[in-house]
Amino acid sequence: MMRWLRSSLPARAGLAVILIAVLALASSLSAGLIAWFSQGDAAAINTAGSVRMETYHLTWKLAAGVAPAEIAAITDSLQTRLYSQSLKAVLEDGPSTDLQISYGQIQQRWNEDLRPALERGDASSFQAIAPPFVEQLNQFVSLLQRQSEEKQSWQQVIQGLALFTTLIVLLLGLYELQYGVVTPLKELVDATQRFRRGDFQVRVNHQSQDELGQLAMSFNAMAGTIEESHRTLESQVQQKTVNLQQANAALELLYQSSRNLATRLANAEGLDDLIRRFQQRLPGLRLSLCLQGQSQAPAKQLLALHGANIREVCASTDCATCQKHHEAKPQTFSISNQGSELGELKAHFVDGHPTKAWETQLIQALANLIGTSLSLKRQREQDHRLLLLDERTIIARELHDSLAQALSYMKLQVSRMQTLIRRGEPVETLATVTAELREGLNNAYRQLRELLTTFRLQINDAGLVQELKDTAEEFSRRGEFQVHLHVDALAFQLSASEQIHILQITREALSNCLRHAHAQNAWLQLRQVGETVRLSIEDDGRGFSGNVDQREHHGLNIMDERARSLRGQLQIVSRTPQGTCVQLEFHPEFLGQHTEGSVT
């Protein structure tokens, strides 16, 4: 029972309420019972007092000598009061020896002394006996009063005890409420507020077996669990933060390396430095890059890079016995690009832990980057070889179409001159052939200079627009005409080959204008018409008429060849009212296959 009361706060509160209710009910019932038992006491006291008054009345009447009938009536009234039910009811309430003895003595004195004296008419005897009788009545009344006061005292004692007990229960209840409910609740509220503010170390010190004690224990257990979870989460967050920092550093390294590899070709030194810096971003990581020279057939010898300025040339069969991977089995990542196997990247950690998912992804990204850089290097080398072959083909074609033809013409002239000398032709005829040879040599020399200028020409970082401006200024200085330049801002970028061809055609056209046109003005325009680029060079010179001797205007053939290289059309027409217009139209390589577009 006590264990149940200690473990249940509502049980204690209910018990206190029940005790207060029982005390209040007991006090009320006792007051009612005592009042019910005391309801005849006043009547008994009054009756005893009336008997005493009747005795005095008889004494007075006897002394006055009243009629016997009146004395008899008063006597009957006194006797009736003496034996009244109110006095008998008081005697029946309970055993009271003194009160019963006193009442018996009063009845005995009345029956043996006073009533016989009245019946004899002996007034003097009655008057002599009456004072002791009255004294007995006074004692009887005192006993009745004492009995009534005792009943009231019992009622006061019962009510006092009930009130005192109620006060004790209330004090105990207030104490229990203060120290068992209010104080723990305040402590719990304060702890929850501190916990909400982030103080996960707060605990409730209240200990009991009741509901609040269990609540405090539950709160402490919850706070401990959350604190431990928070510490675990903080540790995980810190670990994740470290991992993210390492991953970000590795990604930044990959990004910077991709930019560097995009601008310069990959070599052993650069790859070794890349591996070394990547290993610094992931502490404990060890990498080995094994490269093979040929992508079609397995190589017998491999170049191994370890990111420590240590290069090894070893056989492909030595990988299984390599001491650098003896302690832990490495994870192998293939170095390939577009189906071509370029080598392998082997990775392991010093502490032997297996690579995590994000670490595997980063290492795989490094392997892909190395494969892309090596493939890009080989592609650039292939493109470079193709460019060299193309450039040599162009040089051969230019020499064949210009200088070779001029030299062939002069060879024929020399053979003709030798024949004329053998025939003994006159000096005038020989002078004519000599003049033709001189003219041929001059043309060959001029063509050689033009070819040298063409081969040395290049587009600098300023771009095509600046080169066109420099060309216009150059020919304006060299000739007696003014070159007016107008260039549109193109919506796309021309390739280097396209820029070279445009610049060469421009120089050739302005060179012809300088040598033959005798113009005062020339207009150079580069415009975009829809998806077509249009180049036009116009002058206000004398123009041309009739057939054109290809030997004297070899530059026209060169311009036509360049137009065909651009897959464009070159037109040379007379300008109104005078002059010549050279116009080139082509579809740029950047736009791919030609599609119909709007002209703006």
Side-chain angles (χ1 to χ4, degrees), residues 25-164:
L25 182 61
S27 178
S28 299
L29 289 176
S30 64
L33 289 174
I34 292 175
W36 182 67
F37 286 129
S38 300
Q39 63 182 355
D41 292 347
I45 292 173
N46 289 332
T47 301
S50 64
V51 172
R52 185 176 51 189
M53 293 301 297
E54 290 295 335
T55 303
Y56 285 137
H57 193 195
L58 284 174
T59 301
W60 294 337
K61 291 297 184 180
L62 289 174
V66 297
E70 185 176 357
I71 295 298
I74 295 172
T75 301
D76 293 337
S77 175
L78 188 149
Q79 186 171 354
T80 301
R81 294 177 184 276
L82 182 61
Y83 288 98
S84 65
Q85 187 63 32
S86 60
L87 292 177
K88 292 181 180 181
V90 172
L91 296 175
E92 293 176 357
D93 288 342
S96 179
T97 304
D98 294 338
L99 189 61
Q100 291 177 355
I101 292 172
S102 178
Y103 183 67
Q105 290 176 353
I106 290 172
Q107 288 180 342
Q108 182 179 1
R109 184 175 289 279
W110 167 258
N111 292 324
E112 293 179 357
D113 296 330
L114 293 179
R115 191 172 64 178
L118 291 174
E119 292 176 353
R120 293 193 305 268
D122 188 356
S124 57
S125 178
F126 182 82
Q127 292 176 350
I129 301 172
F133 181 75
V134 171
E135 183 63 27
Q136 289 180 347
L137 287 173
N138 290 334
Q139 293 178 358
F140 183 69
V141 171
S142 298
L143 290 175
L144 288 175
Q145 184 178 0
R146 188 182 303 166
Q147 182 179 359
S148 178
E149 289 177 353
E150 288 178 356
K151 293 179 181 180
Q152 296 298 325
S153 298
W154 277 107
Q155 181 178 358
Q156 292 176 358
V157 170
I158 292 174
Q159 291 182 347
L161 289 175
L163 179 61
F164 179 76

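Interatomic distance, I71 CD1 to L78 CG, rounded to the nearest 0.5 Å: 11.5 Å. Here the OH atom belonging to Y56 is positioned 9.0 Å from the CG atom belonging to L137, to the nearest 0.5 angstrom. Expressed to the nearest 0.5 Å, how far CZ of R109 lies from CD1 of I129 amounts to 7.5 Å. Interatomic distance, T59 OG1 to F133 CZ, rounded to the nearest 0.5 Å: 10.0 Å. Here the CG-CG distance, from L143 to N138, works out to 11.0 Å after rounding to the nearest 0.5 Å.
By the salt bridge (charged side-chain N to carboxylate O under 4.0 Å, His left out) test, E70 pairs with K61, sequence neighbours left out. Checked against salt bridge (charged side-chain N to carboxylate O under 4.0 Å, His left out), R81 has the following partners two or more places apart in sequence or in another chain: E54.
Closest approach of A130 to T55, counting heavy atoms only: CB-CG2, 4.1 Å. Of all heavy-atom pairs between Q105 and Q136, the closest is O-OE1, 3.6 Å. Nearest heavy-atom pair, S102 versus Q139, reported as atom, atom and distance to 0.1 Å: OG-C, 4.4 Å.
Heavy-atom neighbours of F164 CZ from other residues, nucleotides or ligands within 6.0 Å: at or below the threshold of 12.
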Margin query: Is there a side-chain contact (heavy atoms from CB on, under 4.5 Å) between W110 and T75? Walk through the geometry before answering.
Written below: CA-CA 11 Å; W110 167 258; T75 301; 3.8 Å; yes
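Distance alone, capped at 3.5 Å, places no donor-acceptor pair between the S77 side chain and the A73 backbone.
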